[in-house]
Asks: 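Right, I'll just put the structure down here and ask away after.
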Amino acid sequence: MHRLIPFLCLLLVACTSEPASPPPTEVWEPLFNGSNFKGWFPIPGGTWEVTDGMILGKSPASEKRHGLLVTENRYKDFTVRLKYKAVKGNSGLYFRVDTVAETVGVHGFQAEIDPEKDAGGLYETGGRAWVVQPDSASVASWYKPGEWNTMSVSARGQDITVVVNDSVTARLTGDSGRTEGFIALQLHGGMDMEVWFKDIEIMK
């Protein structure tokens, strides 16, 4: 028994001398610098401008093309978040997309942004179309018409989660779809468009 005491003391010192590792911190990087479109490029259709540190996208109903503002970098695993105000027309936060020479501009996933319906749903342009389409009652529980709304998309491996105003609005687990591509903001063709974006950030 006496021989065990020094061993137990050494074991106790070894267990208590190393402090516990702190939890990992979230590191968010700005995707939009609030001044210009450095790091982005447009796909023709509608207009984009920076106003008071915010992005304003507008397009007339006579414009048939889907105007897009696309990141210059491609992303694989990430969480992106932003604030948006949808005034007129259908918009979206695209992710894991590739550019195409078609009216829609890109193929890939879209987290739905709309002033009236489907906010937070998940659509795949050039693929499965609606992957998760929320019903109107659900949308009414998380979406704030005419106000600033927060949206985040977490795309890691084959798991995707969309959140609007702290409510999970769409989730895919083990999805077989795209795993890498650009991030983009959309102006839907064929309708009057006005949508605002700000505080766009990414965590890789």
Side-chain angles (χ1 to χ4, degrees), residues 29-32 36-50 55-84 86 88-115 117-133 151-164 169-170 172 175-198 200-202 204:
E29 303 172 11
L31 270 183
F32 167 57
N36 53 49
F37 292 128
K38 182 179 180 180
W40 300 76
F41 67 92
I43 291 179
T47 59
W48 300 96
E49 61 182 87
V50 178
I55 296 175
L56 169 60
K58 301 183 76 173
S59 188
S62 57
E63 175 59 76
K64 303 306 178 185
R65 296 169 297 181
H66 286 32
L68 293 145
L69 191 61
V70 187
T71 59
E72 293 178 352
N73 293 329
R74 295 170 63 85
Y75 299 93
K76 189 173 183 180
D77 291 343
F78 61 88
T79 301
V80 62
R81 66 186 182 186
L82 53 73
K83 294 177 183 176
Y84 76 88
K88 291 186 291 186
N90 180 282
S91 181
L93 171 59
Y94 271 108
F95 61 99
R96 289 181 170 176
V97 299
D98 289 304
T99 58
V100 295
E102 300 177 14
T103 304
V104 293
V106 297
H107 283 177
F109 286 116
Q110 176 192 175
E112 187 71 21
I113 292 174
D114 188 280
K117 61 185 189 306
D118 300 327
L122 194 57
Y123 190 90
E124 188 177 19
T125 301
R128 293 167 286 180
W130 279 111
V131 182
V132 179
Q133 184 175 19
M151 171 180 278
S152 71
V153 172
S154 176
R156 301 189 178 275
Q158 294 176 304
D159 298 341
I160 296 171
T161 303
V162 182
V163 176
V164 175
T169 61
L172 300 179
D175 186 65
S176 60
R178 296 166 179 266
T179 58
E180 183 178 356
F182 299 105
I183 294 170
L185 308 177
Q186 183 210 38
L187 297 173
H188 200 291
M191 58 181 67
D192 290 320
M193 288 291 316
E194 181 182 341
V195 60
W196 295 78
F197 297 94
K198 65 179 181 178
I200 309 173
E201 300 176 302
I202 191 166
K204 294 176 280 185

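We number each residue from 1, following the sequence as shown.
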Asks: Working note: K204 + E29, criterion salt bridge (charged side-chain N to carboxylate O under 4.0 Å, His left out); need CA distance, chi angles, decisive distance, verdict.
Replies: CA-CA 9 Å; K204 294 176 280 185; E29 303 172 11; 3.5 Å; yes
Asks: Begin with the C-alpha distance, continue with both residues' side-chain angles, and end with the deciding distance and a verdict on side chain to side chain contact (heavy atoms under 4.5 Å, CB included) for F78 and F95.
Replies: CA-CA 10 Å; F78 61 88; F95 61 99; 3.9 Å; yes
Asks: In the structure I gave you, are the side-chain heavy atoms of I113 and N90 within less than 4.5 Å of one another anywhere?
Replies: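 No. Closest side-chain heavy atoms not under 4.5 Å.
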Asks: Would you kindly say whether T79 and R156 are connected by a side-chain donor-acceptor distance under 3.5 Å?
Replies: yes
Asks: Would you say the side chain of E124 lies within less than 4.5 Å of the side chain of Q110, judging by non-hydrogen atoms?
Replies: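 No, too far: nothing below the 4.5 Å cut-off.
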Asks: Find the distance between CD (E72) and CZ (F41) and round it off to the nearest 0.5 Å.
Replies: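 Here the interatomic distance stands at 7.5 Å.
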Asks: Side chains of V153 and Y94, heavy atoms from C-beta outward: is any pair under 4.5 Å?
Replies: no
Asks: Is any side-chain heavy atom of L172 closer than 4.5 Å to a side-chain heavy atom of D159?
Replies: no
Asks: Indicate yes or no for a side-chain donor-acceptor contact from T71 to the backbone of W40 under 3.5 Å, with no hydrogens or angles considered.
Replies: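 Pair absent, no side-chain N/O of T71 close to backbone of W40.
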Asks: Looking just at side-chain N and O atoms, do H107 and E102 make a donor-acceptor pair shorter than 3.5 Å?
Replies: yes
Asks: In Å and rounded to the nearest 0.5 Å, what is the CG to NZ distance from L31 to K38?
Replies: 13.5 Å
Asks: Which atom pair, heavy atoms only, marks the closest approach of P115 to A86?
Replies: CB-O, 3.5 Å
Asks: Treating S152 as the side-chain partner and R81 as the backbone partner, does any N or O pair qualify as donor plus acceptor under 3.5 Å?
Replies: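 Flag not set: sc S152 to bb R81 has no pair under 3.5 Å.
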Asks: Given 3.5 Å as the limit, does a donor-acceptor pair link the side chain of W48 with the main chain of F37, or not?
Replies: no
Asks: Roughly how far, to the nearest 0.5 Å, is the OG atom of S91 from the CG atom of L185?
Replies: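 If I round to the nearest 0.5 Å, the distance is 7.0 Å.
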Asks: Do I55 and F32 touch side chain to side chain, with heavy atoms closer than 4.5 Å?
Replies: yes
Asks: Assess whether side chain to side chain contact (heavy atoms under 4.5 Å, CB included) is satisfied between T169 and V163, documenting all intermediate values.
Replies: CA-CA 5 Å; T169 61; V163 176; 5.9 Å; no
Asks: Heavy-atom distance under 4.5 Å between the side chains of L187 and L68, does that happen here?
Replies: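 They are not in contact (no side-chain heavy atoms under 4.5 Å apart), so the answer is no.
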Asks: Working note: L93 + M151, criterion side chain to side chain contact (heavy atoms under 4.5 Å, CB included); need CA distance, chi angles, decisive distance, verdict.
Replies: CA-CA 9 Å; L93 171 59; M151 171 180 278; 4.0 Å; yes
Asks: Before accepting this row, confirm whether a basic side-chain N of the pair E49/K58 lies closer than 4.0 Å to the acidic partner's carboxylate O.
Replies: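 Salt bridge flag = no for K58 with E49.
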Asks: Check the orientation of H188 and H66. Use parallel for under 30°, tilted for 30 to 60°, and perpendicular for over 60°.
Replies: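 Ring orientation of H188 relative to H66: tilted.
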Asks: Does a side-chain heavy-atom distance below 4.5 Å link I200 with K83?
Replies: no
Asks: Looking at D114 and K88, is any side-chain nitrogen of the basic one under 4.0 Å from a carboxylate oxygen of the acidic one?
Replies: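 Not counted as a salt bridge, because no side-chain N and carboxylate O are separated by less than 4.0 Å.
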Asks: Hey, are the side chains of I183 and I202 touching, using non-hydrogen atoms and a 4.5 Å cut-off?
Replies: yes
Asks: Is it true that R96 and D77 have a side-chain N and a carboxylate O under 4.0 angstrom from each other?
Replies: yes
Asks: Taking atom NZ of K198 as the centre, report whether more than 12 heavy atoms of other residues, nucleotides or ligands fall under 6.0 Å from it.
Replies: yes
Asks: Test F109 against R128 for side chain to side chain contact (heavy atoms under 4.5 Å, CB included), laying out the working first.
Replies: CA-CA 10 Å; F109 286 116; R128 293 167 286 180; 3.4 Å; yes
Asks: Closest heavy-atom contact between A170 and L122?
Replies: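 That would be CB-CB, 4.1 Å.
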Asks: Do any N or O atoms from the side chain of D192 and from the backbone of P60 form a donor-acceptor pair under 3.5 angstrom?
Replies: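 No, the answer is negative, given that no donor and acceptor are paired below the 3.5 Å cut-off.
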Asks: Salt bridge check, D98 against R178: does any charged N sit closer than 4.0 Å to a carboxylate O?
Replies: yes
Asks: Do side-chain atoms of E112 reach the backbone of G121 as a donor and acceptor pair under 3.5 angstrom?
Replies: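 No; zero donor-acceptor contacts below 3.5 Å.
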Asks: When the ring planes of F197 and Y84 are compared, do they come out parallel, tilted or perpendicular, using 30° and 60° as the limits?
Replies: tilted
